[in-house]
Amino acid sequence: MHMEACVNAVEIVAVCASYGRREVLRGIDLRIPAGEWFCLLGPNGAGKSTLLHCLTGHVLPTQGMIRIAEAPTMTDGKRRLGYACAPDQLPGLLTGRQCLAVYAAAKQLARIDANIIALAETLRFTPYFDHYVDTYSLGTRQKLCMLLALLGEPLLIVLDEAFNGLDPRSALIIKRELQLRTAAGSAVLLATHSLDIVEHYAQRAALMLSGRVMREWSASDLAELRRSGGDFEAAVAAASEAES
Amino acid sequence: MNIAGERVLLMAWRLSLVGRWRRVRHGARSPIGLIVSIVIATMAVLTACVAAARFASVRIAVEWIDGNAGLTGVSMALGTLTFIVRRRAQLRAESARSWLVATPIATGAFRTVAAIRIALAVTMQTTVLTVALLGLAAVNGMALAMLSRVAICLAIGSVAGASVGSLWPRPKPAMRSEASRFTRKPRAASTSPALDGLARWPVAEAVAWHRPENSRLLFLIAVFSVPAGASALLGAAILTAWTLVSYLIALARAVPAVAREAALWLRPTTLPFAAFAWALVRRALIHQVLGMVLLAAAGISLGGRVNFAIYLAGLWWVSFLMIAAIGIRQGHRLLPSSTRTLLSILLVLIVESWVRGCGLAVATLITLAHAYGSLRERR
């Protein structure tokens with residue numbers, strides 16, 4: 001795997017979004033450099049998923065600018081985007097193999113990378129390739145979502161609670177794969193409630209509250225927490241309390 | 001008898017209905033837009049009713065029902081019976097997954113509320129059908145005695161079907177099946193990028209819709225529509241025609257539904273709108289063309305005129321393209337398409353009933369407008 005030199009995997013400047021009259025994002029500023037694992041934390045309804053939907057094009061920001069892989073347009077940016085959709089968004093009447101083929105064609109890839117097939121094998125997904133998605137369990141659907149997100153060596157991998165329903169072995173395999181990807185220059189943007197992932201894998205994290213980024217933990221902050229054996233859960237709870 | 005459980009379940013149902021209505025109301029872009037849509041829809045339905053009432057076909061249909069009271073009653077009873085059996089299975093599955101299943105509400109309360117809901121639905125369906133038919137016939141100036149006989153016939157059929165349906169034995173849980181069970185499994189292809197899966201998806205949806213629990217009603221209607229003493233060829237042609245009509249309608253309905261689901265899933269990719277739309281519609285279009293050719297052949301073999309068969313085929317193709325264009329555009333924008341589609345179909349039918357051929361032109365214009373709009377607004 002080799003990534004082209006790109007300073008920022010994603011640049012989010014003063015992004016606002018709303019559902020009808022309800023303002024959900026109120027001026028988000030974030031820059032995630034290539035090669036970084038960034039975690040987005042926050043209580044339910046803080047706007048994490050909406051921010052990810054702005055990146056994927058499901059929601060149009062009412063204000064602000066989003067640039068993926070420093071591309072001039074959103075369409076160009078999407079060429080470098082890997083997004084793990086929610087398991088219930090997968091098409092029930094396609095097989096896993098058809099899903100991979102369609103998604104690869106939609107991303108205009110010439111072929112499906114051998115490492116995706118190898119990852120499917122490692123995740124023990126191969127026996128499900130020719131079964132319809134509507135017969136899959138939640139964990140199996142989640143594996144397919146991850147395989148789709150990793151297709152085509154994306155520069156920015158966007159995941160929304162992507163480890164829900166996965167067995168510990170599969171979750172560990174995917175976390176290691178994501179570590180390999182970040183080492184090769186991809187950035188991971190993960191919205192999660194799992195502080196364990198932040199403590200062990202993330203290089204940076206941010207806490208969102210009421211549509212704003214209220215607190216950021218830099219790489220050195222997280223390294224310090226790891227070194228001192230500090231309680232990250234307590235730190236997040238304290239930050240939430242202080243800001244709300 | 002303690003009816004607290006039933007009360008809670010009925011309240012939960014009522015609240016979900018109110019919530020659904022509120023979502024529709026708030027989902028509209030503006031209250032004015034919603035009101036305008038309702039006014040247009042009402043006007044269109046009224047105009048369509050008046051236009052339909054002018055047709056002699058309404059008179060013929062009511063007279064046929066009156067003359068075939070037994071058959072109408074049996075058809076109504078079978079329709080009600082299959083509706084009740086299907087709805088009961090749906091509500092049983094729903095109550096098994098209910099968020100209230102772990103509360104101390106007795107299992108019997110779930111069954112009672114299900115029975116109330118089914119009874120209300122059957123009553124409403126029968127009332128709407130009877131009132132619509134009688135209203136159309138009354139506009140057409142038909143005798144009151146005949147209308148009463150038709151209404152009684154439908155009501156008796158409905159009550160008979162409901163009585164049998166309520167005693168019908170429950171199917172075993174193992175009989176429950178997912179949609180894909182009746183869809184032909186694709187041959188394992190090579191894992192290489194291709195949009196072929198997207199093209200097959202609407203077809204798979206249409207085939208899945210025809211699983212036995214849905215298609216048995218259609219089969220019954222088809223069987224009863226074969227006239228007594230008909231030749232084997234005529235019977236086969238009628239059954240083929242019913243099957244084809246049902247498949248083509250299911251396919252036309254599947255395209256907008258799939259467009260929305262596919263857009264949810266594929267929107268984060270760079271797939272161009274034109275490629276998305278073409279992939280969705282290409283296989284469905286081939287099936288529509290082949291199906292309509294077969295249907296026209298069946299119609300001609302039953303004694304229909306060639307010109308009329310070609311005209312109907314053309315009208316359907318143009319309508320299918322219009323439904324697909326509206327559905328794919330709205331689906332890609334993650335917006336619902338049913339109201340817009342319904343209004344467009346009504347408009348086309350009204351115009352076509354006024355001047356033959358103009359409806360086709362209107363449908364073509366609507367299709368082109370949506371295709372052009374989609375290509376312009378692609379982001």
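In this structure, K78(A) contributes its side chain and R267(B) its backbone to a donor-acceptor pair below 3.5 Å.
Within 6.0 Å of the CZ atom in R283(B), the count of heavy atoms belonging to other residues, nucleotides or ligands exceeds 12. Other residues, nucleotides and ligands contribute at most 12 non-hydrogen atoms within 6.0 Å of the CD atom of Q63(A). Atom CZ of F125(A) has more than 12 neighbouring heavy atoms from other residues, nucleotides or ligands inside a 6.0 Å radius.
Here OG of S192(B) is found 11.0 Å from CG of L100(A). Values are rounded to the nearest 0.5 Å. Annotation: the span from D196(B) atom CG to Q98(A) atom CD amounts to 7.5 Å, rounded to 0.5 Å. One finds the CG atom of L198(B) at 7.5 Å from the CG atom of L94(A) (value rounded to the nearest 0.5 Å). Rounded to the nearest 0.5 Å, atoms CG (L93(A)) and CD (E205(B)) are 4.5 Å apart. Within the model, atoms CZ of R333(B) and CG of L60(A) stand 11.5 Å from one another, a figure rounded to the nearest 0.5 Å.
When all heavy atoms of Q108(A) and T270(B) are compared, the closest pair comes out as NE2-O, 3.5 Å. Taking each heavy atom of V102(A) and L195(B) in turn, the nearest pair found is O-CD2, 3.8 Å.
Of the two parts of L55(A), neither the backbone nor the side chain holds a non-hydrogen atom closer than 4.5 Å to a non-hydrogen atom of chain B. Heavy-atom distances place no part of A86(A) under 4.5 Å from chain B, backbone and side chain included. Using a 4.5 Å cut-off between heavy atoms, I112(A) touches chain B through backbone and side chain atoms alike.
The most heavy-atom pairs under 4.5 Å with chain B, out of A101(A), C99(A), A104(A), come from A101(A). Of the listed residues (A279(B), P268(B), G197(B), A275(B)), the one with the most heavy-atom contacts under 4.5 Å to chain A is P268(B). The choice from Y103(A), Y19(A), Y83(A) that makes the most heavy-atom pairs within less than 4.5 Å of chain B is Y103(A).
A 4.5 Å side-chain heavy-atom check between W265(B) and L148(A) finds at least one atom pair inside the cut-off. Residues C85(A) and L264(B) are not in side-chain contact: their nearest non-hydrogen atoms beyond the backbone lie 4.5 Å or more apart. Counting heavy atoms from C-beta outward, P193(B) and K107(A) have side chains that stay 4.5 Å or more apart.
With sequence neighbours excluded, no residue forms a side chain to side chain contact (heavy atoms under 4.5 Å, CB included) with T243(B). The side chain to side chain contact (heavy atoms under 4.5 Å, CB included) check on L244(B) picks up T240(B), L294(B), L295(B), with sequence neighbours excluded.
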